[in-house]
Protein chains: 2
Amino acid sequence: MTATIKDVAAAAGVGIATVSRVFSGNGPVGAATRERVLAAARALDYRPDAAARGLKTRAAAGIGLVLPDVADPFAAELAAGVLAAARDLGEHVVLDVTGGDPAREAAVVERLAGQRLGGVVAVPAGQDADWAAAARAGGVVFADRALAAFPHIPAVRADDAAGVRALVEYLTGLGHRRVAFLGAAAPGAAPGVRERAFRDALGGAEAVLVPARTSRDSAYGAAAGLLQSRPDVTAVVASGRLLGEAAVLVARELDLRVPADVSIAVIDDVPWAELCDPPLTAVARPARAMGRRAAELLARDPGRARPAAPAPLPTELVVRGSCGPPRGARGRP
Amino acid sequence: MTATIKDVAAAAGVGIATVSRVFSGNGPVGAATRERVLAAARALDYRPDAAARGLKTRAAAGIGLVLPDVADPFAAELAAGVLAAARDLGEHVVLDVTGGDPAREAAVVERLAGQRLGGVVAVPAGQDADWAAAARAGGVVFADRALAAFPHIPAVRADDAAGVRALVEYLTGLGHRRVAFLGAAAPGAAPGVRERAFRDALGGAEAVLVPARTSRDSAYGAAAGLLQSRPDVTAVVASGRLLGEAAVLVARELDLRVPADVSIAVIDDVPWAELCDPPLTAVARPARAMGRRAAELLARDPGRARPAAPAPLPTELVVRGSCGPPRGARGRP
DNA sequence: ATGAAAGCGCTAACAC
DNA sequence: GTGTTAGCGCTTTCAT
């Protein structure tokens with residue numbers, strides 16, 4: 001059995017409260033007594049029980065972290081940011097994954113709700129979970145995406161629109177006149193921020209919108225369809241790492257030279273971008289900073305919603321080698 | 001304020017114990033009463049407090065997960081495995097990172113010890129942490145590495161030796177007679193399993209051992225040194241993803257053609273292996289399975305050490321395009 | 001089938 | 001300074 005405060009008190013020959021004072025650092029304790037208590041505690045390998053403490057103080061502690069998938073590089077980076085902030089804050093973090101499934105997400109949120117957490121940062125998958133209740137209880141902040149159904153929950157986001165804009169300007173500056181957006185919304189559905197920013201930034205050039213879902217197969221199919229059927233597009237911007245992977249893979253299979261035959265850029269920088277041949281140009285989103293920021297938002301105003309739309313974090317256009325002047329164009333250098 | 005069991009009892013007009021029975025599923029409860037309680041609970045948005053429950057039942061709950069770095073692909077996969085197992089077990093997981101720093105690791109372990117955890121799975125960084133105490137308290141299982149100082153703590157590992165052996169056989173079968181191991185121990189230090197397996201498997205061929213630490217700079221320097229000063233080696237096996245990255249980068253910079261000029265293979269499959277050009281041959285270690293296994297080990301025998309050396313999990317040689325017959329050799333196809 | 005009461009390990013008044 | 005006491009929200013005998 002692990003030692004309790006009572007054991008320590010007995011061993012040190014003091015009252016139970018004194019031991020408590022020593023460890024919680026609250027009341028005053030004589031130096032000699034403190035030493036005796038500490039010694040006894042060490043001998044018994046005593047450690048205050050966080051749960052009991054929390055029960056008494058009614059203080060919530062810890063940060064919940066809800067991610068679609070830890071193994072995804074973006075999510076992992078974001079987690080690293082949350083972890084870093086948590087460490088500074090002296091909080092622990094409880095991690096849970098949803099697989100992007102709203103039903104699982106609801107279960108996860110339910111589970112987290114019983115955990116006396118100080119708050120949760122989540123990359124939400126769907127509206128199914130009772131985010132409102134969760135927010136009421138301990139404070140929630142979204143990261144990466146927001147949910148229209150929960151406008152009062154603050155969301156830390158990257159400035160994707162600016163990122164796309166910078167990328168498109170770069171591409172058109174290179175001379176591209178027909179560029180594709182890989183990962184558009186389905187024909188009927190509402191276009192996302194990236195897609196809108198893309199169209200808006202394109203100006204005179206032609207936008208080729210290629211719908212794709214975020215699954216390996218869909219990505220691959222979309223990329224293949226695009227690259228095969230539209231030899232006229234000279235550049236493609238892939239919306240997300242999966243689409244990016246699909247694009248370079250398909251280009252290679254089709255024996256398209258990058259960037260000579262087609263320029264490729266991806267939204268979301270990936271660890272292997274440098275290793276690609278040629279290295280992939282990307283708009284990097286500050287995943288780690290986003291995680292850190294989200295956790296800090298929680299701490300700053302525990303339990304209550306914040307301004308729902310903190311300023312988006314800046315993205316950065318990382319120019320590497322995968323984009324060049326269009327085929328046959330004499331790009332101005 | 002969040003509702004307590006008392007509130008629910010009052011609202012439902014029943015005793016506090018009845019509510020407890022309904023939620024813990026222990027004692028018998030009349031169907032009608034149960035309904036009333038459930039209704040009251042729903043109305044009050046009541047959720048049993050996990051901490052209080054744990055306090056009473058003295059049942060440890062939850063799995064601690066200690067990783068050097070969540071953003072590392074191997075660690076992230078391992079985490080995914082732990083998470084999956086935890087979900088099946090109905091446990092939550094508390095994640096903490098050490099940055100590979102033994103001092104931080106000690107702090108993390110100390111912190112986790114106060115958390116009434118059912119156990120912790122750790123990819124240990126050093127001996128500083130009081131793993132023995134942690135193991136005594138709740139059960140610890142290591143993953144990926146073991147610590148010689150704690151032979152009683154079980155460790156879930158991959159069969160690296162077999163993986164290396166398979167790789168070396170593949171390479172020598174291709175005709176290589178001089179192959180380098182990138183990531184050997186420092187001259188004085190004891191060689192690791194991989195390095196030993198490498199030497200043993202090489203048979204008649206010459207082993208070129210290149211020491212390197214696991215840092216970006218060291219990896220890069222070692223790779224550059226090797227590829228520049230030893231034009232006679234025709235194949236290099238990189239021990240870990242960092243070294244692998246360094247090898248392909250340096251090869252590219254030196255305008256070495258892979259695999260025509262030099263074959264490259266890496267221990268630890270990486271997500272971008274397919275995207276490399278040519279795709280990287282690798283020995284894949286089952287990170288996710290390791291995580292899952294570690295967590296399950298904890299559950300099977302909570303609180304007490306297991307056979308300290310469960311059978312290592314099998315690795316798999318994933319042959320892609322980065323290895324071929326050596327320069328000038330007429331490899332038998 | 002249900003309620004009353006006794007704690008789990010801890011902190012926070014309140015005495016001394 | 002230090003000890004005593006009353007709970008925090010829950011589970012669990014033990015009665016009823």
Side-chain angles (χ1 to χ4, degrees), chain A residues 1-41 44-62 111-118 137-138, chain B residues 1-41 44-62 111-118 137-138:
Chain A
M1 267 321 126
T2 127
T4 86
I5 200 173
K6 231 183 285 187
D7 304 323
V8 177
V14 302
I16 204 182
T18 302
V19 179
S20 170
R21 284 193 268 262
V22 168
F23 281 94
S24 63
N26 268 3
V29 186
T33 324
R34 144 170 283 114
E35 266 325 307
R36 252 179 327 129
V37 168
L38 254 17
L44 295 172
D45 192 36
Y46 167 77
R47 237 174 298 274
D49 181 317
R53 165 132 62 193
L55 187 55
K56 183 64 202 175
T57 57
R58 303 210 40 58
R111 180 160 234 298
L112 252 26
Q115 291 264 138
R116 238 199 184 56
L117 258 17
Chain B
M1 271 315 126
T2 129
T4 88
I5 200 175
K6 231 182 287 188
D7 304 325
V8 177
V14 301
I16 204 180
T18 302
V19 178
S20 171
R21 284 193 266 262
V22 168
F23 281 95
S24 63
N26 269 2
V29 185
T33 324
R34 144 169 284 113
E35 265 326 306
R36 254 185 319 135
V37 168
L38 254 18
L44 295 171
D45 193 33
Y46 166 77
R47 236 173 300 273
D49 181 317
R53 165 130 65 192
L55 188 55
K56 183 66 201 171
T57 57
R58 303 213 37 60
R111 180 161 234 298
L112 251 27
Q115 291 265 137
R116 236 195 187 57
L117 258 17

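On a predicted model such as this, the values are computed, not experimentally measured, just so you know. Scope of the values below: all heavy atoms of this structure, side chains included, with no hydrogens, waters or symmetry mates.
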> Identify whether any heavy atom of Val19(B) sits under 4.0 Å from a base atom; if not, whether one sits that close to sugar-phosphate; answer base, sugar-phosphate or nothing.
nothing

> Report which part of the nucleic acid Ser20(B) touches: base, sugar-phosphate, or nothing (heavy-atom distance under 4.0 Å, all strands).
base

> Looking at dG9(C), I'd like to know if its phosphate oxygens (OP1 or OP2) sit under 4.0 Å from a side-chain N or O belonging to Arg58(B).
yes

> Please give, in whole Å, the distance from dG9(D) P to Arg47(B) CZ?
15 Å

> If you compare every side-chain N and O of Thr33(A) against the phosphate oxygens of dT2(D) (OP1, OP2), does one of them come in below 4.0 Å?
yes

> Counting side-chain heavy atoms from C-beta on, which of dG9(D), dA13(C), dC10(C) comes nearest to Ala52(B)?
dG9(D)

> Contact between Val37(B) and Phe23(B) at the side-chain level, heavy atoms closer than 4.5 Å - yes or no?
yes

> Between Thr57(A) (side chain only) and Arg53(A) (backbone N and O only), is there a donor and an acceptor less than 3.5 Å apart?
yes

> Rounded to whole Å, please give me the gap between CZ in Arg36(A) and C1' in dG1(D).
12 Å

> To the nearest Å, how far apart are Gln115(A) CD and dG9(D) P?
17 Å

> Rounded to whole Å, please give me the gap between NZ in Lys56(A) and C1' in dA13(C).
9 Å

> Which pair of heavy atoms, one from Thr4(A) and one from Asp7(A), lies closest together, and at what distance?
N-OD2, 2.8 Å

> Is there side-chain contact between Pro48(A) and Ile5(A), with at least one heavy-atom pair below 4.5 Å?
no

> How many whole angstroms separate atom CG of Leu55(A) from atom P of dC10(C)?
12 Å

> Give a yes/no on whether any side-chain N or O of Asn26(A) is located under 4.0 angstrom from OP1 or OP2 of dT11(C).
no

> Within less than 4.0 Å of OP1 or OP2 of dT2(C), is there a side-chain N or O belonging to Thr18(B)?
no

> Closest approach to the side chain of Ile16(B), judged atom by atom: which nucleotide of dC10(C), dG9(D), dC10(D) is it?
dC10(D)

> Run the side chain to side chain donor-acceptor pair (under 3.5 Å) test against Arg47(A) and tell me which residues pass, sequence neighbours left out.
Asp45(A), Glu110(B)

> Please pick, from dG3(D), dG9(C), dT2(D), the nucleotide with the shortest atom-to-atom distance to any side-chain atom of Val14(A).
dG3(D)

> Taking the side chain of Ala17(B) as its heavy atoms from C-beta onward, which of dC10(D), dT12(D), dT2(D) lies nearest to it?
dT12(D)

> With a non-hydrogen cut-off below 4.0 angstrom, is Arg34(B) in contact with a base, only sugar-phosphate, or nothing?
nothing

> dG3(C) P sits how many Å from Ile5(B) CD1, rounded?
12 Å

> Can you check the Arg21(A) CZ to dA13(C) C1' distance for me, whole Å?
10 Å

> dT2(C), dG3(D), dC8(C): which one has an atom nearest the side-chain heavy atoms of Lys6(A)?
dC8(C)

